[in-house]
Amino acid sequence: MISPKIPTIFISFALILISFLITSSSAQSAPQDYVNCHNTPRGQVGVGPVVWNTTLASYAQTYANQRVGDCALTHSTGPYGENLAKGSSSTFTGVAAVNLWAAEKQYYTYATNTCSAGKQCGHYTQIVWRESVRIGCARVKCNNGWYYVVCSYDPPGNWVGEWPY
């Protein structure tokens, strides 16, 4: 009986593809990834860029670690602005979380500084808050298998009655 042989090139290709898929989901939670996906919506409304801050990243990581047991979207009530998100797939990266928050732009009306009825837009306004120029973010896998993302902003934004930019 002749046994089929898989050419070595196909095995190499499969290993490279698997490696890429594993790397790409974790790569989208690196500091520069968070900075880049924050700066895109900020640039769209003429707001200056944010920079990565290790103190904020450490704060975000410490808080995210506290949420590993329940993955609850409960704010830390700390000294920084904060956006929280969670997702059930390993593809729920830092970039995916920030893009989710940025997508709230469609519900924000700048002229009246309001959100559409029944919709959220506060995550978006925190992203584009002009005075919030430093960020630090973290992503953890919760005990229930979900992924939890927190971004901290300094100085904090979203003050009632104030426009983000």
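In the hydrophobic clustering of ILVMFWY residues, with side-chain heavy atoms under 4.5 Å counting as a link, Val35 and Val98 come out together. Under a hydrophobic clustering in which Ile, Leu, Val, Met, Phe, Trp and Tyr are joined whenever their side-chain heavy atoms come within less than 4.5 Å, directly or via other members, Trp129 and Val51 fall into different clusters. Hydrophobic clustering, with ILVMFWY side chains joined whenever heavy atoms are under 4.5 angstrom apart, keeps Tyr80 apart from Val149.
Expressed to the nearest 0.5 Å, how far CZ of Phe92 lies from OG of Ser29 amounts to 9.5 Å. In this structure, SG in Cys121 is found 8.0 Å from CG in Asn113, a value given to the nearest 0.5 Å. Expressed to the nearest 0.5 Å, how far CZ of Arg67 lies from OG1 of Thr74 amounts to 5.0 Å. Within the model, atoms SG of Cys142 and OH of Tyr148 stand 7.5 Å from one another, a figure rounded to the nearest 0.5 Å. For the atom pair CD (Gln120) and CH2 (Trp101), the distance works out to 12.0 Å, reported to the nearest 0.5 Å. Interatomic distance, OH of Tyr147 versus CZ of Arg139, reported as 5.5 Å (0.5 Å rounding).
Asn158 and Tyr153 are not linked by any side-chain donor-acceptor pair at a separation below 3.5 angstrom, with hydrogens and angles left out of the test.
Contact detail for Pro156 and Gly81: the closest heavy-atom pair is CB-N, 3.2 Å. Nearest approach of Pro41 to His38, heavy atoms of both residues: CD-O, 3.2 Å. Residues Val140 and Ala64 come closest through the heavy atom pair CG2-O, 3.6 Å.
Proximity of a side-chain donor or acceptor of Thr40 to a complementary backbone N or O of Asn36 within less than 3.5 Å is detected. Side chain of Thr125 to backbone of Pro164: no donor-acceptor contact under 3.5 angstrom is found. A donor-acceptor contact shorter than 3.5 Å links the side chain of Thr62 to the backbone of Ser58. Trp146 contributes no side-chain N or O that, together with a main-chain N or O of Asn143, makes up a donor-acceptor pair within less than 3.5 Å. Tyr110 contributes a side-chain N or O that, together with a main-chain N or O of Tyr165, makes up a donor-acceptor pair within less than 3.5 Å. Between the Asn144 side chain and the Cys71 main chain, no donor and acceptor come within less than 3.5 Å of each other. The closest donor-acceptor contact from the side chain of Asn83 to the backbone of His123 lies under 3.5 Å.
Annotation: side chain of Cys151 is not in contact with side chain of Ile135 (no heavy-atom distance under 4.5 Å). Here the side chains of Glu82 and Tyr59 are in contact, with some heavy-atom distance below 4.5 Å. Inter-residue side-chain proximity for Ser132 and Val50 is flagged as unmet; no heavy-atom pair is nearer than 4.5 Å.
Ring geometry, Trp52 versus Tyr34: the interplanar angle falls under 30°, so the pair is classed parallel (tilted spans 30 to 60°). Ring-plane geometry between Tyr108 and Tyr124 is classed as tilted, the angle between the planes lying from 30 to 60 degrees on a 0 to 90 degree scale.
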Residues Val150, Cys137; criterion side chain to side chain contact (heavy atoms under 4.5 Å, CB included); working and verdict: CA-CA 5 Å; Val150 56; Cys137 305; over 6 Å; no
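Within the structure, the salt bridge (charged side-chain N to carboxylate O under 4.0 Å, His left out) test picks out no pair touching residues 103-131 (sequence neighbours left out).
Contacts of Thr114 classified as side-chain contact (heavy atoms from CB on, under 4.5 Å), with partners at least two apart in sequence or in another chain: Thr109, Thr112.
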